[in-house]
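All heavy atoms count here, side chains included; hydrogens, waters and symmetry mates do not. In the text below, chain A, chain B and the rest are named by the order of the sequence lines, each starting its count at 1.
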Amino acid sequence: MTENRSLQSIRGTHDLLPGETEAWDVVEGLIRDVMGLYQYREIRTPVFEDTQLFARGIGEHTDIVNKEMYTFTDQGGRSITLRPEGTASVVRAWLQHRLGAQGTVDKLYYMGPMFRQEAPQKGRARQFHQFGAEVLGTDAPEADAEVIMLFLSVLDALGLETWSLHIGSLGCRECRAEYRVLLVEFLSGIEDLLCEECRERVGTNPLRVLDCKNEGCRLATAKAPSLLDHLDDECRAHFEAVQALLGDRGIPFTVDPRMVRGLDYYERTTFEVLSPDLGAQDAICGGGRYDGLAQMIGGKDRVPGVGFAAGIERIMLALEAAGIDLDFEPLCEVALIHIGDAARQRLFTICDTLRRAGVACTTELFDRSVKAQMREANRREALLALIAGEKELEADTITLRNLVSGDEEQVAFTDIVTTVLERLDQMEEEAVDEEPDEWTDEDEQSGPGPGEAA
RNA sequence: GAGAGAGUAGCUCAGUCGGUUAGAGCACCAGGUUGUGGCCCUGGGGGCCGGGGGUUCAAUUCCCCUCUCUCUCCCCA
């Protein structure tokens, strides 16, 4: 409405700035590491899809489809929607490219932005980021347990130790339909005790009534029949197998008979991982089995599948709450410091040469004082400074200063690259010698130095 | 979508019961060292007091609208 002179990012979207992106890189890198460990392979699908994919997959009566999708008509008159979640797209791509044709089980993961038009608050943005994993083509309860274990391994890799795992089962379509009749019968009897919204839900999505946070509804439905008591034999066996697999590995979990997911495609196993440090938006991961999804979006054959989606922003918040700081300054090995214009030009060339040799370095682009240039070198935690002014140009040498020890030496221009590489090697050796034990395995803080390549 | 709170320097925040040039700390720049970092001292730059409208002699301050953020409901990752 208001015509601001300067535009800003739109409501519910955020810029990730230097100082934050480094931590995201670390987190994403650790996620990829764990995915590799479990042999899941990445899939990247478009951020927008045919609206029907989500309408049919997620469900017409869900909040997501009803009121939260970014939908628009493109110039060809097609209805397009920015993806509000990842699973439907992955299954669509799996069907489209016949990834199951080899008869193998496919294990896929994805990572990227999702879009939902909700009221923004902490841990909930309109563009947010999820990563997720999917196993397609198998009913095996091991797949259910594996995706849960996979996510918990990610938390472990990140150092997040406080979480709780909640699991439930929605049964298959057959047993849920039978149960639904029972439930509607029960709810009809207590209808006047329910909140307005729930009275509507009795007709549209009765299972959600059990998940209502309203005190009155909770009390009124306390004695409602439980879905878990009405699973058919196969679904019960499957659910028990999943629990046994988790239990055998000492993974703590709570069975939540009322857990209902907000997406219609779930069947059988559902689960959530909650973080105690997040406030209202405390789910960092949600998932489950979706054996009917492939057919809901037009696939000919039944393709069983199970997976999860996890919110990266919420994980970042949980890390922060846990006091885990993954930020690091990008490595700067050499700062080039000039006095005067001639030296400035000379150093620009030397900087280029050093970079070609794989040395991370920077030159001064403002004409600030030597003091300011040194201060910045210090701020960047540069290891070496190369200083040049009239004196050096005349003598055809450069001053090389070790910024850790303060030692200085004069180096001939022709020897700069070899000497710098030599000194950096020496400093690295010294640093390894002094490094405390706990840091010796892998030093995440220093980031990937371009210098290592050479 | 509903309710509540908040927006003042790059950042974290004071402040004005409406009244001249709006402050601190950190950060930045410069000087103290005719060319050398971290500590210290001195000085400096930087603000349409979120935006628009209204009341008033006078609005950063009061009122309304709007935008954004935060919290809650809801929903979800």
query = For A:Arg44 and A:Glu42, what are the C-alpha separation, side-chain angles and deciding distance, and is it a salt bridge (Lys or Arg N to Asp or Glu O under 4.0 Å)?
reply = CA-CA 7 Å; A:Arg44 303 193 191 192; A:Glu42 186 179 13; 3.1 Å; yes
Distance in angstrom units between A:Trp24 CH2 and B:rA77 P, rounded = 16 Å
Considering only nitrogen or oxygen atoms on both sides, find all protein atoms under 3.5 Å from nucleotides 69-71 of chain B and state each distance.
unit_1 : atom_1 : unit_2   : atom_2 : d
B:rC69 : OP1    : A:Gly12  : N      : 2.9
B:rC69 : OP2    : A:Arg11  : NH1    : 3.2
B:rC71 : OP2    : A:Lys122 : N      : 2.3

ask   = Pick the nucleotide of RNA chain B nearest each of A:Lys391 and A:Glu376; which residue has the one closer to the 5' end?
value = A:Glu376
query = Is it the case that A:Ser79 and A:Thr73 place a side-chain donor and acceptor less than 3.5 Å from each other?
reply = no
ask   = CD of A:Glu118 versus P of B:rC75: gap in Å, rounded?
value = 11 Å
Would you tabulate the nitrogen or oxygen pairs shorter than 3.5 Å linking the protein to nucleotides 38-40 of chain B?
unit_1 : atom_1 : unit_2   : atom_2 : d
B:rG38 : O4'    : A:Asn378 : ND2    : 2.9

Residues in salt bridge (charged side-chain N to carboxylate O under 4.0 Å, His left out) contact with A:Arg258, at least two apart in sequence or another chain = none
query = Once you round it to whole Å, what is the distance between C1' of B:rG45 and CZ of A:Phe366?
reply = 15 Å
Pairing residues for A:Cys332 by the side chain to side chain contact (heavy atoms under 4.5 Å, CB included) criterion, not counting sequence neighbours = A:Thr362, A:Arg380, A:Ala382
ask   = If you look at every strand shown and take non-hydrogen atoms under 4.0 Å, does A:Ser369 touch a base, only sugar-phosphate, or nothing?
value = sugar-phosphate
ask   = Are any of the side-chain nitrogens in A:Arg126 or A:Glu118 under 4.0 Å away from the carboxylate oxygens of its partner?
value = no
List the atom pairs, with distances to 0.1 Å, where a side-chain N or O of residues 147-154 of chain A and a protein N or O form a donor-acceptor pair under 3.5 Å, not counting sequence neighbours.
unit_1   : atom_1 : unit_2   : atom_2 : d
A:Ser153 : OG     : A:Tyr38  : OH     : 2.6
A:Ser153 : OG     : A:Met149 : O      : 3.0

key: Where at least one partner belongs to residues 392-419 of chain A, residue pairs that pass ring pair (Phe, Tyr, Trp, His ring centres under 6.0 Å), sequence neighbours excluded   = none
task = Please state the P separation for the pair B:rG43 and B:rC26 - nearest whole angstrom.
result = 14 Å
task = Could you check which residues of residues 341-352 of chain A get a heavy atom under 4.0 Å from RNA chain B? Sort them by number, please.
result = none
query = When you measure from every atom of RNA chain B, which of residues 311-318 of chain A have a heavy atom less than 4.0 Å away?
reply = A:Gly311, A:Arg314
message = As an exercise, state the distance from OH of A:Tyr265 to CG of A:Leu293, rounded to the nearest 0.5 Å.
response = 6.5 Å
Donor-acceptor pairs under 3.5 Å, side chain of residues 155-163 of chain A to any protein atom, not counting sequence neighbours: which ones?
none

task = Write down the distance separating the C1' atoms in B:rU20 and B:rU16, rounded off to the nearest Å.
result = 13 Å
query = Want to know the stems of RNA chain B: at least 3 consecutive Watson-Crick or G-U pairs with distances under 3.5 Å, which are they?
reply = B:1-7 with B:67-73, B:10-13 with B:23-26, B:28-32 with B:40-44, B:50-54 with B:62-66
Gap in Å between the two C1' atoms, one belonging to B:rU55 and one to B:rG15, rounded = 24 Å
Nearest-Å distance once atom P is located in both B:rA59 and B:rC67 = 25 Å
inquiry  = I'd like to know if A:Glu376 and A:Arg368 make a salt bridge, using a cut-off of under 4.0 Å between side-chain N and carboxylate O.
reply    = yes
query = What's the verdict on side-chain hydrogen bond (donor to acceptor under 3.5 Å, both in side chains) for A:Thr269 and A:Asp144, showing C-alpha distance, side-chain angles and the deciding distance?
reply = CA-CA 7 Å; A:Thr269 314; A:Asp144 304 49; 2.7 Å; yes
query = Is there a donor-acceptor contact under 3.5 Å linking the side chains of A:Thr13 and A:Gln127?
reply = no
request  = Give the rounded distance in Å between these two atoms: CD of A:Glu68 and P of B:rA77.
outcome  = 10 Å
query = Nearest-Å distance, CZ (A:Arg116) to P (B:rC74)?
reply = 17 Å
message = I'd like to know if A:Arg124 and A:Glu313 make a salt bridge, using a cut-off of under 4.0 Å between side-chain N and carboxylate O.
response = no
query = Restricting to pairs with a member in residues 399-417 of chain A, which pass salt bridge (charged side-chain N to carboxylate O under 4.0 Å, His left out), not counting sequence neighbours?
reply = A:Arg401-A:Glu408, A:Glu409-A:Arg423
message = Need one value for A:Ala385: base, sugar-phosphate or nothing, where a base atom within 4.0 Å counts as base even if backbone is also close, heavy atoms only.
response = nothing
ask   = What's the CE-C1' distance between A:Met69 and B:rC76, to the nearest Å?
value = 15 Å
message = Taking B:rC17 as the reference, what is the distance to B:rG10 when you measure between their C1' atoms (whole Å, please)?
response = 32 Å
task = Whole angstrom is fine here: how far is it from CZ in A:Arg368 over to P in B:rG31?
result = 12 Å
request  = List the steps, then state whether salt bridge (Lys or Arg N to Asp or Glu O under 4.0 Å) holds for A:Arg176 with A:Glu267.
outcome  = CA-CA 9 Å; A:Arg176 190 158 71 239; A:Glu267 295 183 27; 5.6 Å; no
ask   = Should A:Glu364 and A:Arg344 count as an ion pair when the cut-off is N to O under 4.0 Å?
value = no
B:rG19 versus B:rA27 - spacing of their P atoms, nearest Å = 33 Å
inquiry  = Return whichever of A:Ile64 or A:Ser9 has its heavy-atom-nearest nucleotide of RNA chain B closer to the 5' end.
reply    = A:Ser9
message = Between B:rU70 and B:rC62, how far apart are the two C1' atoms, rounded to whole Å?
response = 25 Å
task = Return the value, rounded to whole Å, for the distance between atom CG of A:Leu278 and atom P of B:rU72.
result = 11 Å
note = Residues at least two apart in sequence or cross-chain that pass side chain to side chain contact (heavy atoms under 4.5 Å, CB included) with A:Glu320, listed by chain then number, are A:Leu317
ask   = Reckon A:Gln281 touches a base, only the sugar-phosphate, or nothing at all at heavy-atom distances under 4.0 Å?
value = base
ask   = With sugar-phosphate meaning primed atoms plus P, OP1 and OP2, does A:Ala377 contact a base, only sugar-phosphate, or nothing at under 4.0 Å between heavy atoms?
value = nothing
query = Ignoring hydrogens and angles, are the base of B:rU36 and the side chain of A:Glu408 linked by a donor-acceptor pair under 3.5 Å?
reply = yes
ask   = Do the two ring centres, one from A:Tyr109 and one from A:Tyr40, sit under 6.0 Å apart?
value = no
inquiry  = Any N or O donor-acceptor pair under 3.5 Å from the base of B:rG35 to the side chain of A:Glu392?
reply    = yes
ask   = What interatomic distance, in whole Å, is found between P of B:rG53 and the corresponding atom of B:rG44?
value = 35 Å
